[in-house]
Amino acid sequence: MFYTYQMEYNFSAFEKKWQHYWLENKLFASEADPSKPKFYCLDMFPYPSGSGLHVGHPEGYTATDIVCRYKRAKGFNVLHPMGWDAFGLPAEQYAIQTGTHPAITTKKNCDTFRRQIQSLGLSYDWDREINTTDPAYFKWTQWIFIRLYNTWFDTELQKGRPINELPVPEAVKAQGGEAVQQYIASKRLAYYDNAQVWWCNHCKTVCANEEVLNDGSHEKCGTKEVERRFLKQWMLRIPHYAERLLQGLEGLDWPAGVKDMQRNWIGKSTGAEVDFIVEGLSQKLKVYTTRPDTLFGATYMVVSPEHNLVNELVTPENMGAVDEYIKAAALKSDLDRTELAKEKTGVFTGRFAINPLTGKKIPIWVADYVLMGYGTGAIMAVPAHDTRDFEFAKTFGLPIVCILDPESAEPALREKVLDGNACWTEDGAYINSANTELGLDINGMNKNDGIQTVIDWLMEKNLGKATVNFKIRDWLFSRQRYWGEPFPIIHWEDGEVSVVEDEKLPVKLPETNKYHPGESGESPLSNVPEWLEVLDENGRKGRRETNTMPQWAGSCWYYLRFIDPKNDKEPFSKAKENYWMPVDLYIGGAEHAVLHLLYSRFWHKVLFDLGIVSTDEPYQKLYNQGMILAFAYETVSGSKVPSDMVEEKDGKFFHTKTGEELKQIVAKMSKSLKNVVNPDDVVAKYGADSLRLYEMFMGPLDATKPWTDTGVKGVYNFLKRVFYFFAEPENIVNGEEDRDTLKVLHQTIQKVGNDLEDLKFNTAISQMMIFTNHCYKKGEVSKSTAETFMKVLAPFAPHIADELWTKYGNKPSVSQQPWPVFNKEYLEEDTFEYPVSFNGKMRYKLPLPIAMPVAEIEKAVHSHEMSVKWIEGKQIVKTIVVPGKIINVVVK
RNA sequence: GCCCGGGUGGCGGAAUUGGUAGACGCGCUGGACUCAAAAUCCAGUUUCAGCAAUGAAGUGCGGGUUCGAUUCCCGCCCCGGGUACCA
């Protein structure tokens with residue numbers, strides 16, 4: 001049925017209708033079907049906060065939704081799920097304040113999020129919705145933890161293996177059962193140990209290294225109340241997978257920046273370990289260096305204050321000073337150490353080591369610029385060629401010996417370096433680097449050859465060996481909180497630690513009304529004796545682990561559960577996993593570039609090694625959506641002014657109270673600036689299609705961009721124009737389509753399709769606007785053209801597309817129609833309007849047959865009346881003709 | 001400091017492998033419709049000069065390669081993100 005009069009674009013009259021239709025008819029439900037190509041498209045599932053959706057969420061969700069709708073039209077079997085990463089602190093803090101159980105808050109927040117997401121017309125398969133706080137879900141999180149606990153990493157095979165395959169050395173076996181257990185524990189990927197950890201006094205919990213920002217604040221709460229504590233904690237040996245995690249990046253279609261960040265975080269470095277003889281001590285001092293080639297220039301050594309040889313190294317007369325220094329260093333946090341990086345501190349131990357190459361005595365110092373957690377916690381210092389050592393040597397007047405001539409440096413700098421008055425870390429030619437007695441001479445060599453030669457020599461003389469080091473540390477995996485997955489672990493009174501059997505999972509959270517964590521790191525779970533205390537069949541007493549898992553746990557494997565979310569026999573069916581994995585497109589914020597994505601890759605690789613999943617990597621293509629910002633206002637002095645205190649006059653901004661002129665800036669949306677945009681309001685005012693379209697039209701998906709209400713109005717106008725034109729029966733005619741219209745239509749089919757493959761939504765929308773503008777100029781199009789356009793528009797604005805599609809007498813839904821095939825014939829032209837340039841400047845345009853030979857084109861250009869004034873009095877040097885592109889005449 | 005991005009009209013942003021700079025949208029200006037307004041439609045809109053035709057300049061700055069550079073190379077400046085004594 002056609003409209004018989006021009007109707008308003010009354011989106012609210014049909015958006016809800018179509019959303020219900022899609023949902024009720026399960027249009028977007030998908031089942032594994034090996035006969036069809038699959039496409040697994042995933043959003044980073046949200047933490048359902050109490051404040052609801054903000055406009056940043058729909059950005060990524062709309063992008064994936066458009067891709068999914070497009071891929072379905074292209075014949076793919078699409079998996080597109082949504083769920084909730086619902087463990088976390090806010091619900092628990094709320095519980096502490098109000099006594100409301102976090103499960104209640106969480107459910108309410110999830111309901112809000114679901115309602116908001118559904119109001120955007122996103123094509124999720126809601127039958128697959130999951131929630132990390134659901135025992136039916138975290139049963140399997142616990143199950144995976146047990147797998148981690150029961151896995152060791154075989155360095156030789158570079159592969160995780162079941163713990164029962166771990167070869168135990170005879171020497172350990174000889175020491176008895178306890179030693180064997182300890183040995184096994186030392187190899188498990190999950191282990192329980194005393195660790196120096198970050199403790200947040202505000203959150204009353206420990207946090208991962210990764211969660212402490214470099215300004216010393218806690219990522220989760222923003223306070224700077226973090227400090228070091230020693231606590232018994234669960235740790236995961238992610239460094240065992242460092243090399244695999246690094247190598248795995250190679251084949252992934254990820255933003256280069258994210259790969260770089262992961263590489264930096266893993267922090268692989270190659271170098272050598274070198275043993276130094278210490279005067280008057282039987283133990284040798286082992287250092288790690290990436291520059292073994294500079295051994296000739298090592299003039300002193302430094303051990304970190306926590307080094308286990310410090311007490312042996314320090315001589316009686318230096319004991320007092322060293323003790324004092326170590327105590328002071330222990331009180332400093334890593335942050336303090338870093339902040340004071342400008343001024344190096346340290347103290348002499350009184351002991352000397354021998355430089356194996358020069359034979360000279362070199363002093364051993366203790367200094368906190370050497371960290372215990374990296375390498376061996378001791379270094380050889382080469383002040384001439386390491387900036388940190390140089391600063392230290394300058395501060396304490398230690399000798400600086402240049403052993404690498406900076407040939408490429410400017411003469412003045414080179415002079416200073418040679419004299420030991422400047423530091424040089426680049427390449428050059430070695431000097432003072434030979435010891436003929438020991439058979440080593442690298443003088444004249446460059447850095448690369450020098451490093452290799454010295455390493456070979458060290459190996460040969462048994463003084464050291466080539467070594468690889470990683471920055472990445474063990475992952476602190478427990479939190480002293482209530483609202484998290486309980487560990488499936490029991491500590492028995494006899495000291496044994498055991499995991500809960502698979503059949504007894506999940507270990508659920510107990511009911512309690514005391515959510516307060518203890519002052520000294522006991523979890524709220526330790527206040528629930530009936531849950532805490534257990535007995536085994538022999539009457540042995542045990543206590544459950546009271547820590548809970550960090551929020552990262554649930555998100556480490558959720559993409560796998562989406563594949564088979566209702567399975568209560570196993571985490572997911574092997575066959576389905578085999579069909580759907582890997583995730584083909586994963587879109588989310590760049591803030592997860594390291595933590596979530598690295599943790600998740602780690603778990604996945606373990607599961608892969610154990611044969612539980614079929615791919616080595618979980619996410620094939622990753623894309624980060626940019627942040628959506630808002631305009632904000634500040635005074636000349638830089639203080640921010642809330643948006644409701646600002647008025648605009650002639651493009652300038654003024655304070656409503658003081659009249660002061662204000663500067664418009666771009667900032668994050670915040671309650672205090674009163675510039676937060678709520679998607680619900682946008683949907684109410686302009687409709688879901690407008691919100692979707694605007695989010696995509698703002699700019700490239702990965703760009704950071706400011707929200708403007710006039711921008712929303714822009715795409716809303718576009719949709720109105722679409723509606724007015726395509727809902728008007730007089731505009732839609734029967735019969736053959738006009739050639740011009742076919743051309744623009746097929747350009748649009750092609751451009752939109754290509755842009756979607758590249759995630760270039762903004763230019764795709766622009767092309768649809770061009771098509772619509774063309775239709776207005778023409779005044780009418782054929783029914784077939786209108787229907788084709790609806791198929792192209794449908795992924796972006798599915799409600800209006802289905803509304804118009806059915807008005808043409810078609811059965812719903814247009815989203816089940818195949819993507820239109822573009823026909824190249826319509827795009828071909830027999831003439832091309834050449835831009836004619838003289839010396840590279842475009843001067844006029846000349847339409848010529850596309851098939852015209854180059855020689856004739858030249859003739860036509862040279863003889864053209866417009867060319868006269870550019871050629872007159874000059875000589876034509878040459879004429880460049882690129883057929884179908886440009887003509888450039890070079891004159892002199 | 002180091003590693004990634006990015007600087008294009010009044011604004012958001014377009015420009016295959018180097019080939020018409022400013023698509024599309026916002027805003028603005030003018031016109032149509034209207035008693036009027038809103039809505040809608042049509043036209044114009046990089047800057048400067050000119051009534052116009054047209055000309056000159058122009059993609060952060062300075063050089064270079066090229067018939068031709070937003071695109072490639074060298075040296076800077078600014079903005080955003082990450083990271084930071086990792087030997």
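Residue numbers start from 1 in every chain, and the chains themselves are labelled A, B, ... in the order their sequence lines are given, proteins ahead of strands. As a basis for the values below, the full set of heavy atoms in this structure was taken, side chains included, without hydrogen atoms, waters or symmetry mates.
Looking only at distances, no side-chain donor or acceptor of Arg692(A) sits under 3.5 Å from a matching main-chain atom of Thr62(A). Judged purely by atom type and a 3.5 angstrom limit, Gln262(A) uses its side chain to pair as donor or acceptor with the backbone of Ala593(A).
Look at the P atom in both U59(B) and A38(B): the space between them is 40 Å, to the nearest Å. With P as the reference atom, C4(B) and G75(B) are 14 Å apart, rounded to whole Å. Between A57(B) and G5(B), the two P atoms lie 34 Å apart (nearest whole Å). A gap of 38 Å separates the P atoms of G27(B) and G18(B), to the nearest Å. Nucleotides C79(B) and U8(B) place their C1' atoms 15 Å apart, quoted to the nearest Å. Rounded to whole Å, the separation between the P atoms of C2(B) and U20(B) comes to 37 Å. The P atoms of A56(B) and U66(B) are separated by 24 Å, rounded to the nearest whole Å. Look at the C1' atom in both U70(B) and G31(B): the space between them is 36 Å, to the nearest Å.
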If a protein heavy atom is under 4.0 Å from the base, mark B; if only from the sugar-phosphate, S; if neither, -; do that for nucleotides 11-27 of chain B going 5' to 3'. -BSSS-B-BB--BBSS-
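Here G9(B) is in the syn range [glycosidic angle within 90° of 0].
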Which nucleotides of RNA chain B pair, in dot-bracket form (Watson-Crick or G-U under 3.5 Å, | meaning another strand): (((((((..(((......[....)))((((((.......))))))((((....))))..(((((..]....))))))))))))....
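Under 4.0 Å is where a charged nitrogen must lie from a carboxylate oxygen, and between Glu250(A) and Lys259(A) no such pair does. No salt bridge links Asp293(A) with Lys447(A); every basic N to acidic carboxylate O contact stays at or beyond 4.0 Å. We find that Arg263(A) and Asp260(A) are joined by a salt bridge, their nearest charged nitrogen and carboxylate oxygen being less than 4.0 Å apart. Salt-bridge annotation for Glu59(A) and Lys705(A): present, with a side-chain N of the basic residue lying under 4.0 Å from a carboxylate O of the acidic one.
For the pair Glu306(A) CD and C85(B) P, the interatomic distance rounds to 14 Å; values are reported in whole Å. In this structure, the CZ atom of Phe838(A) is 11 Å from the P atom of G55(B), given to the nearest Å. C4(B) atom P lies 9 Å from atom CG of Asn264(A), rounded to whole Å. As a whole-Å value, the separation of Arg843(A) CZ from A53(B) C1' is 15 Å. One interatomic measurement links the two molecules: CG of Asp702(A) to P of G81(B), which rounds to 16 Å at whole-angstrom precision. Rounded to an integer number of Å, the gap from CD of Gln625(A) to P of G5(B) is 20 Å. The nearest whole Å value for the distance from the CG atom in Asp368(A) to the C1' atom in A87(B) is 14 Å. The separation between Tyr724(A) atom OH and A39(B) atom P is 11 Å, rounded to whole Å.
A distance below 6.0 Å separates the ring centres of Phe392(A) and Trp365(A). Taking the six-membered ring wherever Trp is involved, the centroid distance between the rings of His864(A) and Tyr844(A) falls below 6.0 Å.
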Without placing hydrogens or testing angles, list every side-chain donor-acceptor pair under 3.5 Å for residues 708-717 of chain A, not counting sequence neighbours.
residue	atom	partner	partner atom	Å
Thr708(A)	OG1	Tyr694(A)	OH	3.4
Thr708(A)	OG1	Gly711(A)	N	3.2
Asp709(A)	OD2	Tyr686(A)	OH	3.2

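Between Tyr288(A) and Tyr374(A), the ring-plane angle classifies as perpendicular under the 30° and 60° cut-offs.
Residue Lys869(A) has a polar side-chain atom (N or O) positioned under 4.0 Å from OP1 or OP2 of G55(B). Contact check, Lys344(A) against C85(B): no side-chain N or O comes under 4.0 Å of OP1 or OP2.
Nearest approach of Val370(A) to Gly377(A), heavy atoms of both residues: CG1-O, 3.4 Å.
Looking at heavy-atom distances under 4.0 Å, Trp254(A) makes no contact with the nucleic acid at all. Gly375(A) comes within 4.0 angstrom of nothing in the nucleic acid, heavy atoms only.
Between Asp386(A) and Lys720(A), the one whose closest nucleotide on RNA chain B sits nearer the 5' end is Lys720(A).
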